[in-house]
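Ligands are counted one by one from 1 in listed order, and the atoms in each one are counted from 1 as well. Positions are given from 1 along the sequence.
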Amino acid sequence: MSPRRAACATLLLLLGGACDAEDPAAPHVAGGDPRRGHAVILEAGCGACHVIPGVPGAVSWVGPPLMEWSRRGYVGGRLPNAPENLVAWLLDPRSISPGSAMPALGLTEEQARDAAAFLFTLGATRLPPVPPGMQLGPQEGGPREAPRLRPRG
Ligand code: HEC
């Protein structure tokens, strides 16, 4: 075991395994700021059509839910889910998927970069593995707040 790995394993032991880290492999959106992106998403009203964890009121099922975004394989079922492709999608979905039900929302390039940076934080936290068969307590599902879904009815 390398000294670095050994140090990490010791840390994990000391913290009772509750050590989670931003995945260094999580895509980085050049020039994008996730905190500004959260505000952009709120102001643009993305939550009128999407479930987006951490965004108040974003509980709609008109479009696909955006939870765990960084783990998705494709954007709009057309392009590999890479930062520049997501930015392009947010600027003009129909230029990528003609006839898509998602309209262009008039975002500036900077706003699209910020919103994309926020989306790539979703699902980017590595959780410690849960041993098979282990029961999870109420606070043990991971640090991310569960999306508040609107009840059916
Ligand atoms: C009027 C409803 C509507 C609004 C508002 C809207 N979207 Fe969408 N969005 C959709 C629909 C419908 C799709 C699925 C379109 C498709 O796959 O062609 C979609 C797809 C997406 C996708 C790709 C999803 C996937 O699974 O590949 C992303 C990312 C996305 N939207 C982000 C956003 C963001 C960020 C905003 C706000 C800036 C936003 N959307 C606003 C309706 C909307």
Problem set entry | Shortest non-hydrogen separation from Leu91 to Leu107 and the atoms involved | CD2-O, 3.4 Å

Exercise. Is Arg36 close to Arg113 at the side-chain level, that is, under 4.5 Å between some pair of heavy atoms?
Worked result: no

Exercise. At their closest point, which heavy atom of Ser60 faces which heavy atom of Ala48, and how far apart are they?
Worked result: OG-O, 2.9 Å

For this session: Return the minimal non-hydrogen interatomic distance between Ser100 and Trp89, and the atom names on each side.
Result: OG-CH2, 3.8 Å

For this session: Decide yes or no for Ile52 and Phe118: does some side-chain heavy atom of the first lie under 4.5 Å from some side-chain heavy atom of the second?
Result: yes

Exercise. What are the two closest non-hydrogen atoms of Ala116 and Val29, and how far apart are they?
Worked result: C-CG2, 3.9 Å

Exercise. For ligand 1, what is the set of protein residues having any non-hydrogen atom at a distance below 4.0 Å?
Worked result: Ala44, Gly45, Cys46, Cys49, His50, Gly63, Pro64, Leu66, Trp69, Arg72, Tyr74, Val75, Gly76, Leu86, Trp89, Leu90, Ser97, Ser100, Ala101, Met102, Pro103, Leu105, Leu107

